[in-house]
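Everything on this sheet refers to the single structure shown next.
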Amino acid sequence: MKRIVSLFFAALLGTVAWAQVSYDVIPLPRSVELDAKGEVYVLTQGAVVTYDGRNEVLASNAALLVDFLREDAGFELKAQPDVKKGAAVELKIKNEKLKVKGENAEAYRLTVNRTGITIEGATEEAVFRGIETLRKAIGITGGERIELPCVIIQDEPRFAYRGVHFDTARHYFPVDFIKQFIDVMALHGCNQFHWHLTEDQGWRFEVKSMPELARKGSVRKQTVIGPNSSGLYDGQPYGGYYTQQECREVVAYAARRFINVIPEIDLPGHMLGALNVYPELGCTGGPYDVWPHWGVSRDVLCAGNPKTLEFLKRVYDELCDVFPSKYIHIGGDESPRDRWKACPKCQAKMKELGLTREAELQTYINREMDKHLSEKGRTLIGWDETLEGGLSENGIVMSWRGMKGGIEAARQHHRVIMTPTNFCYIDYYQLKDDRSQPQAIGGYLPLSKVYSMEPVPSELSEEEAKYIWGPQVNLWTEYVKYPEHAMYMLLPRLDAISEVQWMQADRKDYEAFKARLPRMLMLYDKLGYRYCRKME
Ligand code: ACM
Ligand code: ZN
């Protein structure tokens with residue numbers, strides 16, 4: 001009994017120690033200057049958050065700050081515009097850019113002094129990044145009053161692109177969970193949500209002019225049980241797709257949190273969802289099943305059929321209508337060329353265009369899509385395979401098969417997103433002992449490895465290095481069926497990548513990061529987020 005009582009008090013003391021304000025947050029801000037005299041500011045329940053009432057976006061920021069503290073700490077603040085005196089928190093746009101290092105639209109300053117808290121930046125986005133920092137500093141600290149040590153924090157991200165990819169095609173995830181996923185991204189300072197919407201295993205984007213695409217193409221007859229090679233199937237039809245209305249809702253939700261949504265319709269491979277509905281778009285004419293298992297299908301869109309481009313343009317027209325993102329992902333990965341080799345239409349197309357390699361057919365499609373997207377003011381992103389036949393001029397490369405593709409792309413002056421499997425594929429196991437985790441696709445990507453990533457390869461010159469836009473982690477979901485599992489794969493590896501995305505390389509320190517992590521985990525517990533408790 002005595003032992004249990006003492007354990008109880010130890011746990012309680014531990015909680016009290018953690019439940020204090022600390023600016024040791026993740027990602028760690030660039031500069032944190034604590035007041036030398038140890039002064040504090042006391043935030044009390046019901047205190048006011050104020051802002052310029054003419055600025056609707058700041059009003060939204062203020063409302064989010066109020067929501068965050070209520071959910072995280074059970075602490076009630078009150079948002080009120082144009083309060084001149086006595087406000088506890090002021091959100092402010094500074095007209096001149098806040099210079100931490102250079103001019104960065106996301107640079108913010110968070111000041112706590114004896115009279116209150118100010119978060120200022122050149123943009124509303126910058127102010128929002130500061131709000132997330134304040135929120136994490138407070139963590140789950142609640143009660144009637146919160147003591148904040150006086151401080152000046154000056155911060156800005158290292159990379160402009162800080163992405164997270166989510167495959168909602170192998171498995172469908174409800175819109176409410178997509179929103180939670182976006183919340184978690186915002187908490188970590190990420191700003192690009194790469195939404196993978198279509199696959200061999202299901203087409204999950206509503207196209208109004210072709211309603212069968214989502215209605216029929218989203219449904220597979222069954223799903224493989226266990227490892228792909230098991231040969232066992234569950235016999236249960238599986239489907240689900242996102243209506244355009246839902247996609248718009250997600251875009252707006254993300255935009256409020258300063259996250260851009262980049263949709264991906266993967267072409268010309270990973271298209272069995274569409275080929276099932278329109279078999280005439282395949283080289284053999286089908287029939288094609290929506291795949292019940294995983295892997296790379298040899299059946300892809302026929303590059304020689306003029307209907308293929310007509311189809312794609314219609315799909316992308318609607319996609320662009322729904323998603324305002326300047327950047328649109330056209331996929332381009334894992335598209336075998338066997339069918340093109342044997343297809344009279346594809347061969348005739350090669351002859352007509354004077355092409356000698358099938359890879360160039362993919363480039364032909366990419367260029368057509370590039371032209372079409374450019375006319376709409378959009379820029380395409382493709383997986384690194386899109387480099388093989390020569391990428392269209394404006395194309396951005398997402399380097400996943402290691403960093404090689406990214407290096408080559410940067411040398412050709414294409415912008416690059418670095419997401420190599422060995423540092424960024426969070427569908428891999430995170431622990432060595434794979435029996436202590438849910439089944440995963442394979443691989444081994446522990447927290448420490450994610451943290452160790454350096455997105456700018458040393459082979460690049462200073463000039464070439466400027467083309468590295470930023471890193472991203474990818475969450476593929478062949479083996480991830482439920483939201484809780486997705487969160488478990490994401491956290492805390494997202495914490496690690498967020499420091500890679502945000503911090504200057506020379507300030508990263510894995511041991512210090514691990515010491516900062518428990519406060520984040522307490523917040524996850526509070527918010528009901530699953531995460532992997534063991535870390536390697
Ligand atoms: C990929 O992982 N196939 C891009
Ligand atoms: Zn063909």
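Treat the numbers as computed from the prediction; the structure is a model and nothing was measured. Atoms within a ligand are numbered from 1 in the order they appear, just like the ligands themselves.
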Query raised in the report: If you measure from the Lys or Arg side-chain nitrogens to the Asp or Glu carboxylate oxygens, is any gap between Glu393 and Arg367 under 4.0 Å?
Result: no
Query raised in the report: Which word best sums up how the rings of Tyr238 and His171 line up, parallel for under 30°, tilted for 30 to 60°, or perpendicular for over 60°?
Result: perpendicular
**Report entry** Under 3.5 Å donor-acceptor, Arg129 side chain and Phe258 backbone
**Finding:** yes
Requested in this report: Would you please write out the protein residues whose heavy atoms approach any atom of ligand 1 to under 4.0 angstrom, listed by chain and number?
Outcome: Asp333, Glu334, Trp383, Trp400, Tyr425, Trp476
Requested in this report: Check whether the side chains of Arg220 and Gln201 place a donor and an acceptor atom closer than 3.5 Å, and report yes or no.
Outcome: no
Query raised in the report: Do any N or O atoms from the side chain of Asp234 and from the backbone of Gln222 form a donor-acceptor pair under 3.5 angstrom?
Result: no
Query - Atoms (protein N, O or S; no water) under 2.8 Å from the Zn ion (ligand 2) - result: 4
Query raised in the report: Parallel under 30°, tilted from 30 to 60°, perpendicular over 60°: which one fits the rings of His194 and His165?
Result: perpendicular
Query raised in the report: With a 4.0 Å cut-off, would you call Lys514 and Asp495 a salt bridge?
Result: no
Report task. Classify the ring geometry between Tyr529 and Tyr524 as parallel (under 30°), tilted (30 to 60°) or perpendicular (over 60°). Result -> tilted
Query raised in the report: Is any side-chain N of the basic residue among Arg158 and Glu454 closer than 4.0 Å to the acidic one's carboxylate O?
Result: yes
